[in-house]
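Have a look at the structure below before the remarks.
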2 protein chains.
Amino acid sequence: MTDSLQPVLNHLASRQPQIEAWLKTFLRIPSVSADPAYASSMDEARRFLCERLRAEGLQQVQLLDGGGEPAVYGEWMGAPGRPTLLIYGHYDVQPADPIELWHTPPFEPTQDGDRLYARGTSDVKGSTTIALEVVFAYLATLRACPVNIKVFIEGEEETGSPTLRPLIQRYQDLLAADAVLSADGGRASATTPTINTGARGNAALEVKLRTASKDLHSGRYGGGVRNALHEMATLLASLHAEDGSVAVPGFHNGAEIPTPRQRQDTAAFPYDEAAFFTDVAGTSHGEPGYSPRERITLRPALDVNGMWGGYTGVGVKTIIPCEAQAKLTVRIVEGQDPEQVIQSVLTHLQSRCPAGCTLDVVASNSGSPAATLAPDHPLVTAAETVLQAPGGPKPIHVRLGASVPITSVFKDMLGIDTLMFGFNLPDEDVHAPNEFFRLSSITQGLRAWTQMLDALGHCEPTAFHPR
Amino acid sequence: MTDSLQPVLNHLASRQPQIEAWLKTFLRIPSVSADPAYASSMDEARRFLCERLRAEGLQQVQLLDGGGEPAVYGEWMGAPGRPTLLIYGHYDVQPADPIELWHTPPFEPTQDGDRLYARGTSDVKGSTTIALEVVFAYLATLRACPVNIKVFIEGEEETGSPTLRPLIQRYQDLLAADAVLSADGGRASATTPTINTGARGNAALEVKLRTASKDLHSGRYGGGVRNALHEMATLLASLHAEDGSVAVPGFHNGAEIPTPRQRQDTAAFPYDEAAFFTDVAGTSHGEPGYSPRERITLRPALDVNGMWGGYTGVGVKTIIPCEAQAKLTVRIVEGQDPEQVIQSVLTHLQSRCPAGCTLDVVASNSGSPAATLAPDHPLVTAAETVLQAPGGPKPIHVRLGASVPITSVFKDMLGIDTLMFGFNLPDEDVHAPNEFFRLSSITQGLRAWTQMLDALGHCEPTAFHPR
């Protein structure tokens, strides 16, 4: 480690209480991007970030508008000849429901030992705060960063980044950089250092099935007509084989078979398979021929995220529902095209929809393909150096089962690679009630990001653009 | 028709505007029995009815408490030696949701030509009003009814009458009668006079399926665990064969095969099969070997009335739901035992629930068996006389596909038969948005109930108790 980093690290260590306080204020803003009811909180989150970026001396602080929720931008370009790093985070969070399952209010951060509970704390306001504070600390102590910095904080990550492409198109020059260091995409283990070398892609589909023009009395029609919930259940049941593998024709088209290196990396990861399932009282279930960890990182998946129809209130209502709705998402791997995957699911559903019933698309989101970072990329080798503690285990390469749409978008549109360098951990209930983040992860993340910016500052800008 | 009825009929004809106004006031009380949020409206409906019964000179006006929603009672016993008729109606209504599909407010009665729109207008405040007004008119004009009258207005019909049995047990002496004339159970046709000689029974089951202790992130677990919605969809899909017949082992145990007379009666009913389905944009689908009308009146049925799980809000939420819930009801025929039928469904679901998942009963209601009235019962022959218009078509016997739990309860506990003599019609969207009742049905119903009480007054009390 460069000695010159010590003032930065000391500064960060002394400021940790203020950093935690700032994060809590950030968490109190319910910036839910999926639900229009939270529009004013989305505004508030943007104002909150812009103010801080300006106060810390970043330039060109502004909102980047791509037609949806604007992104927050700010830069420090005082290191000519050095690489330019785009720092990525997102200020939007998942909806909090089911709210009744939270033990503490989702938008009132609550500390319990090392844990800080709140919606968005792990995904990903915590790691975004780490990235920003490190930049601020460099500027406050050394009056300079080791690399040029472009801060880019998105507001649509939790809705699949629907306007990220038009946004980047519009601000392509402003966003030009040599690489992306992302606060999103967390650590795979609290004990073994890991480097994310890829992520599954994703896509979404919402469909509505109709069997009649209105709900019908089950006494007047029961036994004589189609029932929207019966039909939807039958369609959804047909999506998977009994062994848990996806049974949709064409779904796996193009999907690359995991390489021996990927399977070795996956096997090398110290992973308590039994605990993985028992911790959530879940049951291992999925495609035969792969280990559970391979299934969730190297193989595609299809899930119903929500389904509803008919009477869902208290008591009995003797109707034959005329309408049923379902939300589905897929996780896809290298070689699969998100649009084709969604189309295969839709074609499967429509081809099995009985005559006289209609199946309509309510919403469809072609998401992003999977992303892969070469094992010898300078972002990877820099991370290997930073994460290799003296006498500690060698960092191992892992792939993320989740999706970070930005990695493929940045590759496509800016021609640059992304390293996911977030500090959250797998057990922190992201997208679920009682999400939390570890305060110790803040301490570790501040140190690692400080060293990472330093290590990347020693790379030549051209090294980030292999071939 | 007895000439002495003319004053009664004249009185009713002159009072029709006031009768409609009173019905509207009744409809403005949102007496939804399924939802505890409407408890005070249930109270209000009871007070409203008691006040009117007292004002019209009925005696023993009181609430009969069986441990749930009390029933309203009042009597006129001034015809010694004549039959005693229990007049049945119910003051509770179905929930109004989905409220957004109503064109007018569900609890603000809205007149459009012959139609009066409101929740409960057809089921069954309209026909209950007819029955009451006829009794009041006899008392107002002739100072006497042709029969002794016991008015019994239930508050739990729409929730399957869960405390009707303990209630009748408690007030067995008060409720003793020779027969029941019910305002519930409507007409099968607007043009052909029909007599209800039976109804299907019913029962309800609500189940919850769990696959994990919490919702899981589909990126972290997708492809590796069971999904509660996948499992629930698979279970529900297994309840029916592809042809629409119920595929649950034991479900049909004891179900009587329709008799030739029943099939003849069913075929005699002037029924526009195509219109029955196209009117609601529904598709004919059900047990092979039976006509659509036979399926919905003479054969049992199993319907999912509501199902839900996961994220049902706006946008995308990439979770693997840990919980799914479903409400089911059955319609059963002569010979089936409601408890055994529900048990067969539950056993089927539980036996197919995969290891590691749990399927729990949220609620179960054993409902009532089917009811049947002999074709030569005095209630039937009286109705044949009343409904036979000069030169008009002969009334035909029909069975109701819906359930009227009270018929079997009254038979069981009071030893008496029930004739369903309501005046609603099949197209009036009961249990659905935009329920309505025809004002012309009020005119027809007032006349028919006046004649019916008179005809029954000419029967010997013993005639109601064959063998």
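This is a predicted model, so every value here is computed, not measured. Lettering of chains follows the sequences in order, A, B, ..., and the numbering in each one begins at 1.
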Heavy-atom cut-off 4.5 Å, strictly under: side chain, backbone, both or neither for [X] against chain B?
X: A/T159; answer: neither
X: A/E294; answer: neither
X: A/F277; answer: side chain
X: A/L229; answer: side chain
X: A/R331; answer: side chain
X: A/A324; answer: neither
X: A/D279; answer: backbone
X: A/K327; answer: side chain
X: A/R220; answer: both
X: A/A363; answer: neither
X: A/P354; answer: neither

Give the member of [options] that has the highest number of heavy-atom pairs under 4.5 Å with chain B.
options: A/G224, A/G401, A/A402; answer: A/G224
options: A/V304, A/N202, A/T329, A/N434; answer: A/V304
options: A/D123, A/T234, A/I319; answer: A/I319
options: A/H240, A/E287, A/M232; answer: A/H240
options: A/A432, A/A204, A/G309, A/A199; answer: A/G309
options: A/S403, A/P426, A/C322; answer: A/P426

To the nearest 0.5 Å, how far apart are [atom1] in [X] and [atom2] in [Y]?
X: B/I332; Y: B/R200; atom1: CD1; atom2: CZ; result: 10.0 Å
X: B/S213; Y: B/E323; atom1: OG; atom2: CD; result: 11.0 Å
X: B/C353; Y: B/R226; atom1: SG; atom2: CZ; result: 8.5 Å

Who wins among [options] for the most heavy-atom pairs under 4.5 Å with chain A?
options: B/A212, B/G286, B/P433; value: B/A212
options: B/D215, B/V316, B/D97, B/V225; value: B/V225
options: B/R210, B/R295, B/H230; value: B/H230
options: B/L236, B/T211, B/D35; value: B/T211
options: B/S284, B/S33, B/G223, B/G310; value: B/G223
options: B/I320, B/N305, B/L328, B/L235; value: B/N305

Under 3.5 Å, is there a donor on one side chain and an acceptor on the other for A/E158 and A/H431?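 Yes, a side-chain donor-acceptor pair sits under 3.5 Å.
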[X] side chain near [Y] side chain, heavy-atom distance below 4.5 Å:
X: B/S161; Y: B/S368; value: no
X: B/V430; Y: B/Q94; value: no
X: A/P258; Y: A/Y290; value: yes
X: B/D92; Y: B/M42; value: yes
X: B/Y221; Y: A/V280; value: yes
X: B/L349; Y: B/V207; value: yes
X: A/P95; Y: B/Y311; value: yes

Over all atoms of both residues, closest heavy-atom pair of [X] and [Y]:
X: A/S364; Y: A/I342; value: OG-CG2, 3.9 Å
X: B/W102; Y: B/A96; value: NE1-O, 2.8 Å
X: A/M420; Y: A/D184; value: CB-O, 3.3 Å
X: B/R119; Y: B/D429; value: NH1-O, 4.3 Å
X: A/L209; Y: A/E231; value: CD2-CB, 3.8 Å

So that I can tick it off, tell me whether B/R293 and B/E273 are bridged by a salt bridge, with the cut-off set at under 4.0 angstrom between side-chain N and carboxylate O.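 Salt bridge: no.
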Part of B/A355 lying under 4.5 Å from any heavy atom of chain A: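 Backbone only.
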Proximal component of B/E206, with respect to chain A [non-hydrogen, under 4.5 Å]: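 Contact with chain A is through the side chain of B/E206 alone.
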Are there residues of residues 296-303 of chain B that reach to under 4.5 Å of chain A by heavy atoms, and which ones?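 Within residues 296-303 of chain B, near chain A: B/I296, B/A301, B/L302, B/D303.
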Pairs meeting criterion salt bridge (charged side-chain N to carboxylate O under 4.0 Å, His left out) with involvement of residues 232-241 of chain A, two or more places apart: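 As it turns out, there is no salt bridge (charged side-chain N to carboxylate O under 4.0 Å, His left out) pair with a partner in residues 232-241 of chain A once direct neighbours are skipped.
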